[in-house]
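Just so you know, ligand 1 is whichever comes first in the structure, and atom 1 is the first atom listed for that ligand. Given the structure is predicted, the values throughout are model-derived calculations rather than measurements. Residues take their numbers from the sequence shown, with the count starting at 1.
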Amino acid sequence: MAVAGGRPGSPGLGGPRSERWKRALAVIPGGVNSPVRAMRAVGLDEPLFIERGEGATITTADGERYLDWVQSWGPLIFGHADPEVVRVIQATAAKGTTFGAATELEVDLAAELVDAVPSIEKVRLVSSGTEAAMSAIRLARGFTRRDRIIKFVGNYHGHADALLVSAGSGLATLGIPSGPGVPSGAVVDTIVVPYNDIVAVADAVARYGEGLAAILCEPVAGNMGVVPPEPGFLEALRQLASACGALLVFDEVITGFRLGRGGAQERYGVIPDLTILGKIVGGGLPLAAFGGRADVMDSLVPAGDIYQAGTLSGNPLATAAGLSVVRRLRDPRIYEELERKGARLEAGLREATAGHPVTLARVGALSTLFFNAGPCRSWDEVATSDTARYGALFRHLLARGIYVAPSQFEATMLSTAHSDADIDRTVEAVAEFMRA
Ligand SMILES: *Cc1c(COP(=O)(O)O)cnc(C)c1O
């Protein structure tokens, strides 16, 4: 395998810039179409520009090859350019790429999601996780005729106004906008509480429960690094939501079809009222979904009176790609294999980091190495990680042809395309870093 030995034109902050990067910066804000692609958090000015991907590897525009642990942030459970996905996209595209009208493919994918995900009796297809989360919240509010929602610090649900909220630690806090452009009016009904803090949730429900439309959470947090739910946490959310008449909404955009065919809800045995899906369900194309109880879903126009729509919703290419992926995920051996490989990665990393102040979190094919002695149960706890040390690890791995998330607060995405040799090579490179 051709391994990159440092990256031409991509030194640390303040170094010379490649022509490509200068062009990008001139015409795209910050040079990237989504901020997570920038690499400033790991001390690099210039991000990777990817030209192609194959299985577990990506190749940059400069012809450097990397072992890829990001996998487009989660969608690619079978790795890059999976031949079956490519074939169905090509075959479907030849028949027309969008109709803005009903197709049988959409029914097929919806039926597959209903069959796979315990909470989903009916489902709508949309184009992004952000759109699915925004729609699920509107639906929960419309169905309950209530406005307030509870969300957790460090959980991410896309960038809809009402969900872009940060708050300090401690007990329940009313939402304050996380940045300019989010009007305070859009978040006054968002109540923010620490993850894994049942007492804080109970307190918030006691104070605001009467007007509470939904409790929204990532059942395994993946956007502050991987933070599993503490035993009893999801069960408590289920009870508290039911007791006050709010809907429990699981954002399974990362965990759906990754932690098992039925997602985290199947793994932990806690069934929400609504579920948000994205990433894997689109097979690498722009597709997401929200679904749940039939009585709630039937409140959507035209069955009911809550509005939600989309020109490209259930787009044939995305639907065909998603269907090809989720149908193959009926085979339980895929999840057994991901679990085995996840355990191999975890065992290797535990040995490589033994005696160092790190915490390794893993659930199935999702993991994060925190530079922090732990425990890592909430945003306040993970936020004490040594992000400079993580940045040094990122650069160490990159120089050895291994690409991990350019931020401490993300998850490593294992795919079926990662081999045992890929895992062992990564573990060895981490061990080398820890010894240095
Ligand atoms: C990625 C993500 C989203 C947003 O999905 P987009 O397709 O990027 O809009 C929402 N929720 C979770 C948990 C995610 O990881």
Pull out every atom of ligand 1 sitting under 4.0 Å from any heavy atom of Glu218, numbered as shown with elements. 13 (C)

Starting from atom 11 (N) of ligand 1, find the nearest protein heavy-atom neighbour and note its residue, name and distance. Asp251 OD2, 2.7 Å

Run the numbers for me: atoms of ligand 1, each under 4.0 Å from some heavy atom of Thr130, listed by number. 4 (C), 5 (O), 6 (P), 9 (O)

Closer than 4.0 Å to some heavy atom of Ile254 - which atoms of ligand 1 meet that? 15 (O)

So does Asp45 get a backbone contact from the side chain of Arg40, meaning a donor-acceptor N/O pair under 3.5 Å? no

Would a 4.5 Å heavy-atom cut-off, applied to side chains only, mark Phe290 and Met297 as touching? yes

Within the structure provided, determine whether Leu366 and Met413 are in side-chain contact (heavy-atom separation under 4.5 Å). yes

Leu48 side, atom CG; Thr59 side, atom OG1 - distance, nearest 0.5 Å: 11.0 Å

Is it the case that more than 12 heavy atoms not belonging to Phe99 sit under 6.0 Å from its CZ atom? yes

Looking at Asn223, which atoms of ligand 1 are within less than 4.0 Å of one of its heavy atoms? 12 (C), 13 (C), 14 (C), 15 (O)

Looking only at protein heavy atoms, which one is nearest to atom 14 (C) of ligand 1, and what is the separation? Lys279 NZ, 3.0 Å

Provide the number and element of each atom of ligand 1 under 4.0 Å from a heavy atom of Gly129. 4 (C), 5 (O), 6 (P), 7 (O), 9 (O)

Kindly assign one of parallel, tilted or perpendicular to the pair His418 and Trp69, based on the angle between their ring planes and the thresholds 30° and 60°. parallel

Side-chain donor or acceptor of Arg328 paired with backbone N/O of Ser324 under 3.5 Å: yes

What do you think, any protein heavy atom under 4.0 angstrom from atom 9 (O) of ligand 1? yes

Would you mind running through ligand 1 and noting each atom that sits below 4.0 Å from a heavy atom of Ser128? 7 (O), 9 (O)

